[in-house]
S.K.: 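Take a look at the following structure, please.
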Amino acid sequence: MNRSGLSWVFAVLGGLVLLFIIAPLAGIFLKTTPLQFFETVQDKAVTGSILLTLVISLLTTVFFSIGAIPLAYMLARRSFKGKSLVQSLIDLPIVIPHSAAGIALLGLVSRDSFLGKAASSVGIDFVGHPLGIGLAMAFVSIPFLIQSARNGFEQVPVRLEKAAMNLGASSWNSFRKISLPLAKRSIISGMIMMFSRGLSEFGAVVIIAYYPMITPVLIWDRFNSFGLKYARPVAALFLLVCLIFFVALRLLANKSANDQNRKHI
Amino acid sequence: MIRIENISKRFGSFDLNNISLEISEGEYIVLLGDSGSGKSVLLEILAGLIKPDQGAIFLNDRNLTDEPISSRPFGMVFQDLALFPHLTVRENLAFPLRCRSMTKVEISNRISELSEKLEITNIVDRYPDGLSGGEKQRVALARTLATEPACLLLDEPLSALDTRIRKEIKSVLRTLNRSGQTIIHVTHDYQEAISLASRIGIMEKGNLIQFGPALEVLMNPVSPFIASFTGIRNFIPVTLLRDKEDGRIKAWTENNIPLNFDTEKVHGKGYLVVPMDAVFLSKEPVATSAANQLFGTITDIIPAPHGFEVVMDVGFSLYSLLTSEGISRLSIKTGDQVYASFKASALRYINL
């Protein structure tokens, strides 16, 4: 087969896959009437749930990056016993069924568990609480941040850190002023991935907290109680919000990276 | 004074063995060796980037062996320079100064001072990526000098530069050294070594096999490795002067023997390098195109890997490489008088 023939075949096969991704998403919007959409936007239960989802996922991402970034740095820089085990552990949440992840997490934070008891003694109950939702979101989405940040740190030459220390920087300052800014782009991109993945989590969250209802749970709830017709407008609105956030964050990240690059010229 | 005592480091594939050195303030030391000789490792041990298995490093009486990298008084310029790509030249220079918690005014003064010294005032607001090789090298030197190091450690500082810039940076290094900066410089290029070093250390397979004044080491190699490494025995100290008789610039040896060679320089002091295999011998004076013909006595004939090295006294020691057939054809022996000829174009001049 000549080269252009192959290109045609590949283009058609690839196009089918693209169509497969686009068609259902487009369908959701096409089948939602403007009136339904308008009503949904005014539905306090829906907008409240979307806001809750966005806020929990955002806070979760920020909070967990405090630990995830150092872990990513360790994985990129240090070699230690059991490193490949740690590496596999981090990837685990991506491959296990998320309902199973939810069950596992529930065992950790339920009222009978050690952590659950400790938390309830200060008046916090993870189950059915935004904190529990945050934990479930983090559990399944944190690998995206760790991997991306790790790749970012790996691309910073070790020499630069050595040079910084030779110039008198403490290892903390060499991390803060050299490695962190140079890996910034990958870290931010990882945070966007983690945030987006957190927004969309259903399986693990629904087991820990049916209420307060995050949007993926709300969509499921409406589908179960009222059917497709009622679930679809909520899904459409949430999809739209997610897309807007994803694109806006990407643009912001690219813009700051471009500013950085422009400064280099 | 820097004292390096019995530094050893074992790696899987290669070991650094019992390196001892004493370096006085203001010296320019060049460590010369092939890749894998351990010279860069030694430099990194001095900087504290690698921990030695045994041995000690002293600056005067201060034991630096266990001091952390950041408080060692040795400033390293890495082979790839390690300029911070996200910081401007000015911010790169400010980096070590901020680590020393200087005030803003002090930092800004010091940066002006350094950038004038290294002639980089016109590029301080640019980012490293856009700079030329020579400019980057100057920035890296300035940044390291900002720490006021007791000793400057240079890892192959000239290898990535083209000939013109190399000359320029050499003169920067010489000026720094003359102003009292102690320097340890690592290279695989013997010309670089001889044109900069006050003393040369030769490293081979993790051992420091010879250490001494530059010319002495290269002229009297203690091992065949050094001889083969430099490949050259004929280092002739010369002064460039115009010959009054024919008005041409010639290189005059210490005992005033004029040697013809091609040069555009009018004056200077340096070394003439005469490749051994470019020196032809004859028993009678011969008419050749070679511009130099000297008369002298054979003082030694030494077996070499590919023939014999014939050593002559022609007012200075001159080495010639002959095959064994060449020796027997001329039927020469120690004590014979011979003419040695070599072409002007075969000579290389290293300016000091």
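Side-chain atoms are counted along with the backbone in the values below, which use heavy atoms only and exclude waters and symmetry mates. To find a chain, count down the sequence lines: A is the first, B the second, and so on, and within it residues start at 1.
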S.K.: Would one find more than 12 heavy atoms of other residues, nucleotides or ligands at under 6.0 Å from atom CZ of B:R62?
M.R.: yes

S.K.: Under the side chain to side chain contact (heavy atoms under 4.5 Å, CB included) criterion, do B:I69 and A:K162 qualify, and how do the steps go?
M.R.: CA-CA 8 Å; B:I69 306 169; A:K162 286 184 172 180; 5.8 Å; no

S.K.: Could you tell me whether B:E25 atom CD has more than 12 heavy atoms of other residues or ligands within 6.0 Å of it?
M.R.: no

S.K.: Are there more than 12 heavy atoms of other residues, nucleotides or ligands under 6.0 Å from atom CZ of A:F202?
M.R.: yes

S.K.: Are side-chain heavy atoms of B:C99 and A:L167 found at a separation under 4.5 Å?
M.R.: no

S.K.: Taking atom CG of B:D61 as the centre, does the number of heavy atoms from other residues, nucleotides or ligands within less than 6.0 Å exceed 12?
M.R.: no

S.K.: In terms of heavy-atom contacts, does CZ of A:F10 have more than 12 from other residues, nucleotides or ligands at under 6.0 Å?
M.R.: no

S.K.: Hey, are the side chains of A:N173 and B:F95 touching, using non-hydrogen atoms and a 4.5 Å cut-off?
M.R.: no

S.K.: Heavy-atom pairs under 4.5 Å with chain B are the metric here; pick the option from A:A169, A:S171, A:P157, A:S174 that has the most.
M.R.: A:A169

S.K.: Would you find more than 12 non-hydrogen atoms of other residues, nucleotides or ligands less than 6.0 Å from B:F14 atom CZ?
M.R.: yes

S.K.: Report the distance from atom CG of A:L160 to atom CG of B:L83, rounding to the nearest 0.5 Å.
M.R.: 8.5 Å

S.K.: Quick check for you: to the nearest 0.5 Å, what is the distance between B:H86 atom NE2 and A:L182 atom CG?
M.R.: 4.5 Å

S.K.: Which value, rounded to the nearest 0.5 Å, describes the distance between A:M165 atom CE and B:S71 atom OG?
M.R.: 12.0 Å

S.K.: Only pairs of heavy atoms separated by less than 4.5 Å count here; which of B:S70, B:A82, B:G75 has the most with chain A?
M.R.: B:S70

S.K.: Roughly how far, to the nearest 0.5 Å, is the CZ atom of A:R159 from the CG atom of B:L49?
M.R.: 8.0 Å

